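Below: one structure, written as structure tokens.
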Amino acid sequence: MGGRNAFVEAYTRLFQHFGGQGWWPGETPIEIVVGAILTQNTNWENVRKAIVNLKDAGVLDFYSLLELPAEVLAEYVRPSGYYNIKTRRLKNLLAMIRDRYDGNLDGLLADQTAMARENLLSVQGIGPETADSILLYAGGHPVFVIDAYTHRIFSRHGLVAEESDYDSIQEEFEGRLPRDAALYNEFHALIVMAGKHFCKKTTPLCDRCPLRGLNGMAGDTP
DNA sequence: GTCCAGTTTG
DNA sequence: CAAACGGGAC
């Protein structure tokens, strides 16, 4: 087992099993930012329908979204679920960019990582995972995105404590891995794949999981 | 009926 | 710590 570093080992195994994921599946920064909010606790396929609605309506750009009446925007994003609250969250983010970056999304993404993250987290409806997804996938900042899959997979393998919070898990990952945005990008996407296909919340498929035995435990499974 | 690339509020 | 937000797919 090339296992001095189980985090690197996990990445290697997942990449070999699933291959490169090529995230984020959005073409422009605004599309990635919108997708990051719409995908909160929601299946990506439903988010994709909402993005298609916005594209078809020709409003997937900063000022169109900013000026669009909330009730209209809500109809477009409806397929992604939580559509009223997500509409509000999108509007909150757009207003922050308008106020602090003169309406320039690229300005936010080009800001220093710590400052951009702080500004994102100040928006009601943007928590650490959404903020870091935007920083990493739209801005190319080297921040590791932690999600429910990350917590579940790595705690099941005894590599992070069950009770660890977002920031401490993130510190663990960033401390164990090279500070490389391309690596973080691919690794998080692979973790999502592992969570979907093997490390399910109920009835995990441990016997066939590419991560079985990752930490030298009796199978690393609960 | 269950689950989903979460976050806020009670 | 629990409830709320919610449509779509299986």
Side-chain angles (χ1 to χ4, degrees), chain A residues 10-11 14 18 20-54 70-96 117-141 143-156 162-170 173 181-205:
Chain A
Y11 174 76
L14 292 176
F18 291 109
Q21 299 302 300
W23 277 23
W24 188 283
E27 292 140 26
T28 62
I30 188 67
E31 182 173 344
I32 297 172
V33 163
V34 170
I37 288 180
L38 296 186
T39 200
Q40 291 173 348
N41 197 37
T42 297
N43 188 298
W44 177 257
E45 276 311 298
N46 294 337
V47 176
R48 204 181 45 71
K49 299 176 197 300
I51 302 271
V52 167
N53 287 345
L54 294 170
E71 315 81 64
V72 178
L73 180 53
E75 275 313 303
Y76 292 141
V77 304
R78 175 187 283 271
S80 72
Y82 302 145
Y83 54 93
N84 285 315
I85 192 165
K86 284 176 178 175
T87 294
R88 206 173 318 134
R89 290 172 178 183
L90 278 172
K91 289 289 191 180
N92 291 343
L93 173 57
L94 296 166
M96 185 279 283
R117 190 171 196 268
E118 191 178 320
N119 281 326
L120 284 167
L121 290 176
S122 75
V123 176
Q124 287 291 64
I126 294 190
E129 182 177 346
T130 304
D132 289 340
S133 292
I134 290 170
L135 290 171
L136 177 63
Y137 290 104
H141 292 257
V143 292
F144 205 97
V145 176
I146 306 301
D147 66 350
Y149 290 133
T150 313
H151 180 266
R152 188 161 77 223
I153 292 171
F154 286 81
S155 63
R156 279 176 174 174
E162 169 67 32
E163 63 273 18
S164 298
D165 64 6
Y166 188 100
D167 290 341
S168 67
I169 298 175
Q170 185 179 54
F173 272 79
L183 169 65
Y184 293 178
N185 177 323
E186 199 57 54
F187 200 174
H188 173 67
L190 289 166
I191 286 170
V192 171
M193 291 295 283
K196 268 190 204 174
H197 293 277
F198 295 100
C199 207
K200 302 161 181 282
K201 188 185 299 186
T202 57
T203 66
L205 309 175

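Keep in mind that what you see is a predicted model, and the values were worked out from it rather than measured.
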Could you check which of [options] has an atom nearest any side-chain atom of [X]?
X      : options             : result
A:Q124 : C:dG8, C:dG6, B:dT9 : B:dT9
A:K49  : C:dG8, B:dC3, C:dC5 : C:dG8
A:P128 : C:dG8, B:dG6, B:dT7 : B:dT7
A:E129 : B:dG6, C:dA9, B:dC3 : B:dG6
A:P79  : C:dG8, B:dT9, C:dG6 : C:dG8

Check: A:F173 ring centroid to A:Y184 ring centroid under 6.0 Å: no

Upstream residue (5' side of DNA chain B) when A:V123 and A:R152 are each assigned their closest nucleotide: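 With A:V123 and A:R152 compared, the 5'-side residue is A:R152.
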
First encountered from the 5' end of DNA chain B, between A:N43 and A:I126: A:N43

For the [atom1] atoms, the ones on [N] and on [M], what distance do you get once it is rounded to whole angstrom?
N     : M      : atom1 : answer
C:dA3 : B:dT2  : P     : 15 Å
C:dG6 : B:dG10 : P     : 15 Å
B:dT7 : C:dG8  : P     : 23 Å

Would you name the heavy atoms of [X] and [Y] that are closest together and state the gap between them?
X      : Y      : value
A:E186 : A:G22  : OE1-N, 3.7 Å
A:F144 : A:Y166 : O-OH, 3.9 Å
A:I169 : A:S164 : CG1-CB, 3.6 Å
A:W44  : A:T39  : CE3-OG1, 3.7 Å
A:R117 : A:P128 : NH2-CB, 3.9 Å
A:G81  : A:K86  : O-CD, 3.3 Å

Just how far, in rounded Å, is [atom2] of [N] from [atom1] of [X]?
X      : N     : atom1 : atom2 : result
A:Y82  : C:dA3 : OH    : P     : 14 Å
A:W44  : C:dA9 : CH2   : P     : 15 Å
A:D165 : B:dG6 : CG    : C1'   : 15 Å
A:N46  : C:dC5 : CG    : P     : 19 Å
A:L120 : B:dT7 : CG    : C1'   : 14 Å
A:I169 : B:dG6 : CD1   : P     : 14 Å
A:K196 : B:dT2 : NZ    : C1'   : 16 Å
A:D132 : B:dG6 : CG    : P     : 13 Å

Phosphate-side-chain proximity, A:K201 and B:dC4, N/O vs OP1/OP2 below 4.0 Å: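 So the side-chain polar atoms of A:K201 do come within 4.0 Å of the phosphate oxygens OP1 or OP2 of B:dC4, strictly under.
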
Residue-phosphate contact under 4.0 Å: A:Y83 side-chain N/O, C:dG7 OP1/OP2: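 Answer is yes, contact under 4.0 Å.
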
Any donor-acceptor N or O pair under 3.5 Å, side chains A:N84, A:T87: no

Check: A:D147/A:T150 side-chain N/O donor and acceptor closer than 3.5 Å: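 Yes - a donor-acceptor pair under 3.5 Å links their side chains.
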
What nucleic acid atoms does [X] come within less than 4.0 Å of, heavy atoms only: base, sugar-phosphate, or nothing?
X      : answer
A:E45  : nothing
A:S80  : base
A:K200 : nothing

Close side-chain approach of A:R156 and A:E162, heavy atoms under 4.5 Å: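 No, too far: nothing below the 4.5 Å cut-off.
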
Criterion side chain to side chain contact (heavy atoms under 4.5 Å, CB included) against A:S80, the qualifying member of A:N53, A:N43, A:L38: A:L38

Residue-level proximity of residues 35-42 of chain A to DNA chain B when a heavy atom falls under 4.0 Å: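 A:T39, A:Q40, A:N41, A:T42 - these, ordered by number, are the residues of the stretch whose heavy atoms sit under 4.0 Å from the strand.
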
Proximity to DNA chain C (any heavy atom under 4.0 Å), residues of residues 84-93 of chain A only: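 DNA chain C contact set from residues 84-93 of chain A: A:N84, A:I85.
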
